[in-house]
Structure formats: C-alpha cells, structure tokens
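A short worksheet on the structure shown next.
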Amino acid sequence: MPPRGDVAIVIPARNESDRIQATVQAAAGVPGADLLVVVDDGSRDSTAAAAESAGAIVLRHSRSRGKGAALETGAEAVRLLERNDDHSQRRYLLFLDGDLAESAKYAGALVQPVRDGQADMTIAVFTDRVRAGGHGFVIGLSGAGIRRATGWSPAQPLNGQRCLTRDAFEAARPLAAGWGAETGLTIDLLRQGFRVTEVEVPMAHRATGTDWQAQLHRARQFAGVARALAAREPAVQAARRRS
C-alpha cells in the first residue's frame with residue numbers, strides 16, 4: 001500500500017468539460033495529495049464524466065447551488081472518506097478551480113506553508129495573469145470589504161486557490177453563499193485570529209470574456225460578494241464600537 005497522503009484536493013466545477021480533465025490530471029501530481037474530489041455544481045455539459053475519466057471522485061449537485069455550497073460538499077465528502085482511515089491526522093484541504101488546466105500542477109506551493117505550521121490558510125497570487133474583460137469592480141469591492149473588516153489588503157482577494165487546515169475550515173462554516181465564499185472565508189478567519197498569507201504561484205485561469213454571458217457572470221459575482229460583506233457588517237460595526 002502507498003503511504004497515506006496529507007492533502008485532499010476539492011475542485012468545484014460547473015460547465016468545465018473542456019478543462020477539467022487536464023486540471024484533475026495536473027492536480028493529482030501535487031505532493032502529498034491522495035484524495036481528489038470534483039463537485040459538479042449542476043453542469044449542463046460533460047464535466048462530471050470528464051473528471052471521472054481523469055481519476056477524480058465526482059459528486060454532483062442536480063442543480064447549481066453556488067460555489068460556497070460546492071466547497072462545503074467537497075469538504076464533507078473528504079470528512080466521510082476519512083472515517084474509513086486508520087489515521088488520526090486529518091488532511092489539509094486544497095481548493096482549486098476547475099479551469100486551471102495544466103497550471104494546477106503548481107498548487108503544491110500553497111500547501112507547504114500550512115504543512116509547516118506557518119499559516120492556517122494560504123491564498124494564491126497568480127504570477128501569470130490573463131487579460132480580463134472586466135474593469136475590476138468585483139475585485140475592488142472584495143478587497144475594500146476585507147480591508148474594512150480586518151485591516152488587511154490582499155493582492156488577489158477573489159482567488160479561489162487556497163489551502164487551509166481543517167480547524168480553519170470548520171471555524172469558517174457555514175461559508176458565504178455563491179461567489180461570496182472567498183471573501184467571507186478570508187474575513188471570518190482573520191477576525192478569529194487565524195493566520196492568512198498569500199503565495200505567488202505560476203498558475204492561471206482561462207481568459208475572461210467580454211460577451212453578455214461574461215458580464216452576467218461578473219454581475220453575479222458582484223452580488224455574491226456584496227451579500228457576504230453585508231452579512232458581516234454588523235460584526236464589523238460592533239467591533240469598532242468596542243475598540
């Protein structure tokens with residue numbers, strides 16, 4: 001039997017049939033990763049079949065429930081799978097997006113600071129940036145909201161490539177719904193005293209489009225981030241009154 005790893009990879013994906021296979025295959029090479037779960041969040045294409053053919057454990061939402069729910073589904077699957085392990089150590093959770101393709105192979109850099117005890121959560125900073133079709137409104141909203149709530153200014157606040165301890169993940173549950181998941185996760189952990197750091201990695205998403213579907217996607221992202229920030233505003237105000 002091969003030695004048990006210490007990393008579980010969770011990949012939320014929706015309509016990523018053209019990239020998910022390459023993403024899974026590349027992510028499988030991350031050192032220490034021995035569980036790889038893809039959560040198909042209501043895809044209308046062959047995302048699930050492609051991920052399964054690449055060797056992933058695949059879970060499916062019959063309808064799209066949003067990114068936050070997909071992350072929680074994947075983490076819960078890891079917890080249930082670990083119940084059959086004769087091992088007391090829980091795996092670190094490594095969240096990756098489904099469109100990274102071959103660049104997912106560099107995700108191991110996110111694990112090491114957590115494994116070494118230097119951070120409770122790492123967030124990727126892509127050094128290979130693709131040209132986006134938007135104007136940065138969603139990134140600006142998220143970054144400003146995190147700074148207002150915690151005093152920290154992340155370089156890439158919406159980056160979904162993250163590694164965290166199980167204690168950190170459990171402390172942040174329930175995650176913010178939909179596209180507010182990353183923003184809420186960062187705020188909730190920092191406000192509870194967990195250590196969060198960014199790590200530069202040579203990874204990249206697909207290029208963002210400028211058509212109406214891409215603009216609708218950005219609008220949904222904006223709404224999700226705004227809801228996550230609004231839900232946390234009372235706690236921010238209370239903390240300011242106490243200080």
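Positions are given from 1 along the sequence. When reading the values below, keep in mind they use all heavy atoms of this one structure, side chains included, and skip hydrogens, waters and symmetry mates. If you're wondering where the values come from, they're calculated on a predicted model, not measured in any experiment.
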For residues 93-101, tabulate all N or O donor-acceptor pairs below 3.5 Å that involve a side-chain atom, not counting sequence neighbours.
from, atom 1, to, atom 2, distance (Å)
Asp97, OD1, Lys67, NZ, 2.9
Asp97, OD2, Gln161, NE2, 3.0
Asp97, OD2, His205, NE2, 3.4
Asp99, OD1, His205, ND1, 2.7
Asp99, OD2, His205, ND1, 3.4

(request) Sort and list the pairs that fulfil side chain to side chain donor-acceptor pair (under 3.5 Å) and have at least one residue in residues 136-150, not counting sequence neighbours. (result)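 Applying side chain to side chain donor-acceptor pair (under 3.5 Å) to every pair that reaches into residues 136-150, excluding sequence neighbours, yields Ser142-Thr183, Arg148-Glu233.
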(request) With sequence neighbours excluded, give me every side chain to side chain donor-acceptor pair (under 3.5 Å) pair touching residues 190-203. (result)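 Residue pairs with at least one partner in residues 190-203: Asp120-Arg195.
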Mind checking what makes side chain to side chain donor-acceptor pair (under 3.5 Å) contact with [X], not counting sequence neighbours?
| X | value |
| --- | --- |
| Thr165 | none |
| Gln21 | Ser53 |
| Asp18 | Arg206 |

(request) Kindly state each residue pair satisfying salt bridge (charged side-chain N to carboxylate O under 4.0 Å, His left out) with at least one member in residues 149-162, sequence neighbours excluded. (result)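 Output for this query is empty, none listed.
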(message) Holding to side chain to side chain contact (heavy atoms under 4.5 Å, CB included), I want the full list of residues that pass it with Ala226, two or more places apart in sequence or in another chain.
(response)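 Result, side chain to side chain contact (heavy atoms under 4.5 Å, CB included) vs Ala226: Leu141.
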(message) Holding to side chain to side chain contact (heavy atoms under 4.5 Å, CB included), I want the full list of residues that pass it with Ser17, two or more places apart in sequence or in another chain.
(response)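 Partners of Ser17 by the side chain to side chain contact (heavy atoms under 4.5 Å, CB included) criterion, ordered by chain and then number, come out as Asp45, Ser46, Thr47.
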(message) Suppose we screen for salt bridge (charged side-chain N to carboxylate O under 4.0 Å, His left out). Which residues come up paired with Arg232, at least two apart in sequence or across chains?
(response)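 Testing Arg232 for salt bridge (charged side-chain N to carboxylate O under 4.0 Å, His left out), a comparison that skips the adjacent residues, returns Asp188.
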Which atom pairs, one a donor and one an acceptor, fall under 3.5 Å between side chains of residues 166-178 and the rest of the protein, sequence neighbours left out?
from, atom 1, to, atom 2, distance (Å)
Arg166, NH1, Glu82, OE1, 2.9
Arg166, NH1, Glu82, OE2, 3.2
Arg166, NH1, Arg91, O, 3.2
Arg166, NH2, Glu82, OE1, 3.2
Asp167, OD1, Arg90, NH2, 2.5
Glu170, OE1, Arg173, NH1, 3.4
Arg173, NE, Glu72, OE1, 2.9
Arg173, NH2, Glu72, OE1, 3.3

(message) For residues 15-37, which residue pairs pass the ring-ring contact (aromatic ring centres under 6.0 Å, His included) check, not counting sequence neighbours?
(response)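 Every candidate ring-ring contact (aromatic ring centres under 6.0 Å, His included) pair involving residues 15-37 fails, so no pair, neighbours aside, qualifies.
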